[in-house]
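To start, the structure under review is shown below, and the notes come after it.
Bear in mind the structure is a predicted one, so any value in this text is a computation, not a measurement. Worth knowing before you read on, the calculation uses all heavy atoms, side chains too, and leaves out hydrogens, waters and symmetry mates.
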Amino acid sequence: CSRCAGMGWLRLEAELGSPDFGRLVPCQCTILRNKDRFLASIAGPDWKRSRLDRWQLRRNPTMAKVHDAARAFGTQEDGCPPWLVILGKPGIGKTLLALGAVIALPEAGQQVACYTAPQLLDRLRATIGDNDAYDALMGHLQHVPYLVIDDLGMERETAWGLERIELVLVHREQRRLRTLITSNLTE
């Protein structure tokens, strides 16, 4: 395409010293070309079920307000807070609503990262001993425009893990980056 000259990737425009300096992001042509595979990678094999326009509220009418908040979160409506936290018992549809909120964003050229809390910590643990890999992953988690963390509180609690999650969330909160969290923890 004309934006990436057929390379499929774009370099972010950032000043020297910025964490985004030199960072590559997929071009929209790459996202659209690999849309189904990308959506399956962030939402699993049943990603089509998570589209908000296919959500059947009659199945769970108490989730109607959460559905509306998820729709606003994903469409960047004016006045929508940058964070959305969905709490509730297992099986009520929190994960599907969270994914439904962001599933259309890659098609619009927005970057989205989706992880379960245990998966996020596993990926960070895998970078121990490789400072460049750790810094790249932390930078991605802290700066990606949309981050979904599913099942926060289900990870094995360690001081190291809690510190890493706090580093990511505080950084995102200070910059008002869109962050969506689901959790079974209600107290």
Side-chain angles (χ1 to χ4, degrees), residues 4 7-28 30-31 34-47 50 73-74 82-88 90 94-99 101-103 105-106 109-187:
C4 68
M7 299 299 293
W9 293 87
L10 298 170
R11 184 176 309 278
L12 289 179
E13 295 293 326
E15 294 192 24
L16 184 64
S18 165
D20 288 331
F21 181 77
R23 193 159 67 106
L24 295 176
V25 295
C27 181
Q28 186 163 349
T30 300
I31 292 170
N34 299 311
K35 179 183 72 168
D36 287 351
R37 187 175 58 206
F38 177 76
L39 293 174
S41 75
I42 65 169
D46 294 333
W47 66 270
S50 64
F73 180 89
W83 282 45
L84 177 61
V85 179
I86 304 173
L87 304 173
K94 298 180 303 293
T95 298
L96 285 178
L97 279 174
L99 295 173
V102 298
I103 204 89
L105 292 171
Q110 294 289 336
Q111 285 186 297
V112 178
C114 298
Y115 298 92
T116 65
Q119 178 189 47
L120 184 149
L121 290 175
D122 281 349
R123 295 231 175 137
L124 283 169
R125 268 188 221 100
T127 67
I128 291 175
D130 183 346
N131 289 343
D132 290 340
Y134 174 83
D135 290 345
L137 181 54
M138 279 299 282
H140 174 69
L141 295 170
Q142 290 177 329
H143 294 282
V144 67
Y146 288 85
L147 177 65
V148 175
I149 302 176
D150 191 28
D151 285 335
L152 187 63
M154 299 307 294
E155 69 281 358
R156 193 177 107 228
E157 193 173 304
T158 66
W160 183 89
L162 291 173
E163 285 175 4
R164 296 311 165 273
I165 289 174
E166 183 178 8
L167 284 170
V168 170
L169 295 181
V170 167
H171 186 92
R172 296 184 66 76
E173 194 267 335
Q174 290 172 343
R175 287 153 183 80
R176 298 188 51 80
L177 293 171
R178 295 214 174 247
T179 307
L180 198 160
I181 297 169
T182 73
S183 179
N184 296 335
L185 302 177
T186 56
E187 295 180 7

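The local environment of CZ in Arg176 is sparse, with at most 12 non-hydrogen atoms from other residues, nucleotides or ligands closer than 6.0 Å.
Between Thr158 and Leu121 there is no side-chain heavy-atom pair separated by less than 4.5 Å. Using a 4.5 Å heavy-atom threshold, the side chains of Tyr115 and Asp122 count as separate. At a threshold of 4.5 Å between non-hydrogen side-chain atoms, the residues Arg172 and Val144 count as touching. Counting only heavy atoms from C-beta outward, the side chains of Thr179 and Leu169 approach each other to under 4.5 Å. In this structure, the side chains of Tyr146 and Leu180 stay at 4.5 Å or more apart for every pair of heavy atoms. Looking at heavy atoms from C-beta onward, Arg164 lies in side-chain contact with Leu167 at the 4.5 angstrom threshold. Looking only at side-chain heavy atoms (C-beta outward), Asn184 and Lys94 come within less than 4.5 Å of each other. Annotation: side chain of Ile128 is not in contact with side chain of Tyr134 (no heavy-atom distance under 4.5 Å).
To the nearest 0.5 Å, atoms CD (Gln142) and CD (Gln174) are separated by 9.5 Å. We find the CD1-CG distance between Ile149 and Leu141 to be 7.5 Å, quoted to the nearest 0.5 Å. The CG atom of Leu147 sits 7.5 Å away from the NE2 atom of His140 when rounded to the nearest 0.5 Å. Between atom NE2 of residue His171 and atom CD of residue Glu166 there is a gap of 14.0 Å, rounded to the nearest 0.5 Å. Put simply, OG1 on Thr182 and CG on Leu97 are 10.0 Å apart, with the number rounded to the nearest 0.5 Å.
Judged by distance alone, with hydrogens and angles left aside, the side-chain atoms of Ser183 form a donor-acceptor pair with the main-chain N or O of Leu152 at under 3.5 Å.
Side chains of Thr116 and Asp151: a donor-acceptor N/O pair is absent below 3.5 angstrom, by distance only.
Of all non-hydrogen atoms in Leu162 and Glu157, the two that sit nearest each other are CD1-CG, 3.5 Å.
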